[in-house]
Asks: 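This is the structure I want to talk about, given as structure tokens.
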Amino acid sequence: MGTDPLMRANLRFALVAGLSTLFAFALFSVNQYIRMFPPTRKFGSKVEAVAGWLWGTALARGAHGMKVKVAGRRPRAKGPFVIVANHTSMLDVTALFVALRGMNFRFVVAEELFKIKIFGTAMKRSNHIPFNRRNPRSMAETYKSLNERCFRHGQSVAVFPEGTRGADVIEFGDSIFTRAIRDGVDILPIRIWYSDDASRADVLIGEAISTEGMKRTD
């Protein structure tokens, strides 16, 4: 009897996801020392951007067998940006890593994911940002820290402002947009769709929105 197709798919996913995460963990562990020194920080940022793209590509193509098609243009400006996207699937993270190839950005991630062995440690080493979605005050403090942790170093931040995954569009919270205005960071809007069998992701990159001169009411 042949191996069950679902079992093969699960085995492939576990193997590719495990190996790619170990690779990212090793690369980011080394790179955190490269970024410690101002003369090598720019090179370290490029290493991080390439590592994120490679990890996302490995998961999208190798683990999930998913093609990512990009519409629109990646921004010509270096940023940093607040990247905002709809959130319908766990695949959104890998789709964004592939679509934004070459961009150095970090995700604001639910703190529960940091408890996963190796994966969680890799996220910590690569400076992804945990948040407590059940505590509004904690969320506010997380957003306040973005300038110190990312923007001032040229790193963009990716956020799913719906706050949770869902097939239908949920009203966006305004906290991250207020933060972008206060920190003077442009907003990069993105929309993600999937085919019914999740074999293809279409990612539409919108025009960057300047926050210059904006107020909270805007």
Side-chain angles (χ1 to χ4, degrees), residues 9-10 12-25 27-28 46-76 79-110 112-114 116 119-120 122-123 126-131 133 150 155-170 172-173 176 186-209:
N10 289 338
R12 182 182 70 176
F13 173 80
L15 183 62
V16 174
L19 289 177
S20 60
T21 300
L22 282 172
F23 167 77
F25 173 77
L27 198 56
F28 280 118
K46 291 182 179 179
V47 170
E48 291 170 346
V50 171
W53 173 71
L54 289 173
W55 181 77
T57 301
L59 288 182
R61 296 293 292 146
H64 298 294
M66 180 180 71
K67 294 182 179 179
V68 179
K69 299 294 183 180
V70 181
R73 293 183 177 180
R74 298 180 183 90
R76 294 179 180 178
F81 300 96
V82 169
I83 303 163
V84 294
N86 60 305
H87 196 20
T88 60
S89 168
M90 285 294 290
L91 297 173
D92 296 340
V93 171
T94 56
L96 286 177
F97 268 128
V98 176
L100 296 174
R101 179 180 61 191
M103 182 180 289
N104 186 12
F105 66 97
R106 296 292 177 271
F107 280 97
V108 177
V109 186
E112 303 92 85
L113 296 179
F114 284 79
I116 301 174
F119 178 76
M123 288 198 299
S126 54
N127 196 35
H128 291 290
I129 303 148
F131 75 94
R133 54 187 165 189
C150 296
Q155 292 177 344
S156 297
V157 173
V159 180
F160 300 114
E162 291 171 292
T164 187
R165 296 191 306 275
D168 299 322
V169 175
I170 302 170
F172 283 5
I176 187 59
D186 291 352
I187 296 166
L188 184 65
I190 292 180
R191 183 75 164 100
I192 308 171
W193 295 267
Y194 296 96
S195 60
D196 291 339
D197 61 357
S199 63
R200 170 172 168 156
D202 290 285
V203 181
L204 174 62
I205 302 175
E207 294 289 336
I209 301 169

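Below, all heavy atoms of this structure are taken into account, side chains as well, without hydrogens, waters or symmetry copies.
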Asks: I would like to know whether Asp92 and Phe107 meet side-chain contact (heavy atoms from CB on, under 4.5 Å); could you show each step before the answer?
Replies: CA-CA 11 Å; Asp92 296 340; Phe107 280 97; over 6 Å; no
Asks: Distance-only criterion, 3.5 Å: show the donor-acceptor pairs between side-chain atoms of residues 66-74 and protein atoms not counting sequence neighbours.
Replies:
| unit_1 | atom_1 | unit_2 | atom_2 | d |
| --- | --- | --- | --- | --- |
| Arg74 | NE | Ala99 | O | 2.7 |
| Arg74 | NH2 | Ala99 | O | 3.1 |

Asks: Suppose we screen for side chain to side chain donor-acceptor pair (under 3.5 Å). Which residues come up paired with Asp197, at least two apart in sequence or across chains?
Replies: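 Partners of Asp197 under the side chain to side chain donor-acceptor pair (under 3.5 Å) test: Ser195, Ser199.
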Asks: At their closest point, which heavy atom of Asn86 faces which heavy atom of Ile192, and how far apart are they?
Replies: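 Result for this residue pair: OD1-N, 2.8 Å.
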Asks: Considering all heavy atoms of both residues, which atom of Gly56 and which atom of Phe97 are nearest to each other, and what is their separation?
Replies: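 Taking every non-hydrogen atom into account, CA-CB, 3.8 Å.
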Asks: Can you tell if the side chain of Ser156 reaches within under 4.5 Å of the side chain of Leu188, non-hydrogen atoms only?
Replies: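 No, side chains not in contact.
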Asks: Closest approach of Phe105 and Leu96, non-hydrogen atoms and distance?
Replies: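 Nearest pair, atom of Phe105 first, then Leu96: CZ-O, 3.9 Å.
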Asks: Can you name the residues that form a side chain to side chain donor-acceptor pair (under 3.5 Å) with Glu207, not counting sequence neighbours?
Replies: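 Per chain and number, Glu207 pairs via side chain to side chain donor-acceptor pair (under 3.5 Å) with no residue.
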Asks: If you look at every heavy atom in Pro189 and Ala208, which pair is closest and at what distance?
Replies: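 The pair with the smallest heavy-atom distance is CD-CA, 4.5 Å.
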Asks: Can you give me the closest heavy-atom contact between Ala85 and Pro161, atom names plus distance?
Replies: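 Between these two residues, the closest heavy atoms are O-CD, 3.6 Å.
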Asks: Does some side-chain heavy atom of Thr94 sit less than 4.5 Å from a side-chain heavy atom of Leu91?
Replies: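 Yes. Closest side-chain heavy atoms under 4.5 Å.
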Asks: Can you name the residues that form a ring pair (Phe, Tyr, Trp, His ring centres under 6.0 Å) with Phe81, not counting sequence neighbours?
Replies: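 With neighbours one apart ignored, the set is empty.
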Asks: Can you run down the salt bridge (Lys or Arg N to Asp or Glu O under 4.0 Å) pairs that involve residues 99-109, sequence neighbours left out, and say none if there aren't any?
Replies: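 Those involving residues 99-109 are Glu48-Arg106.
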Asks: Grab the two heavy atoms, one from His128 and one from Phe114, that are nearest each other, plus how far apart they are.
Replies: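 For His128 and Phe114, the tightest heavy-atom pair comes out as O-CZ, 3.6 Å.
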Asks: Is any side-chain heavy atom of Ile190 closer than 4.5 Å to one of Leu100?
Replies: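 When only atoms from C-beta onward are counted, Ile190 and Leu100 do touch, with a gap below 4.5 Å.
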Asks: Less than 4.5 Å apart, side chain to side chain, heavy atoms only: is that true for Gln155 and Val157?
Replies: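 No, side chains not in contact.
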Asks: Is there a side-chain contact between Phe160 and Thr88 (heavy atoms, below 4.5 Å)?
Replies: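 Of all side-chain heavy-atom pairs linking Thr88 with Phe160, none is under 4.5 Å.
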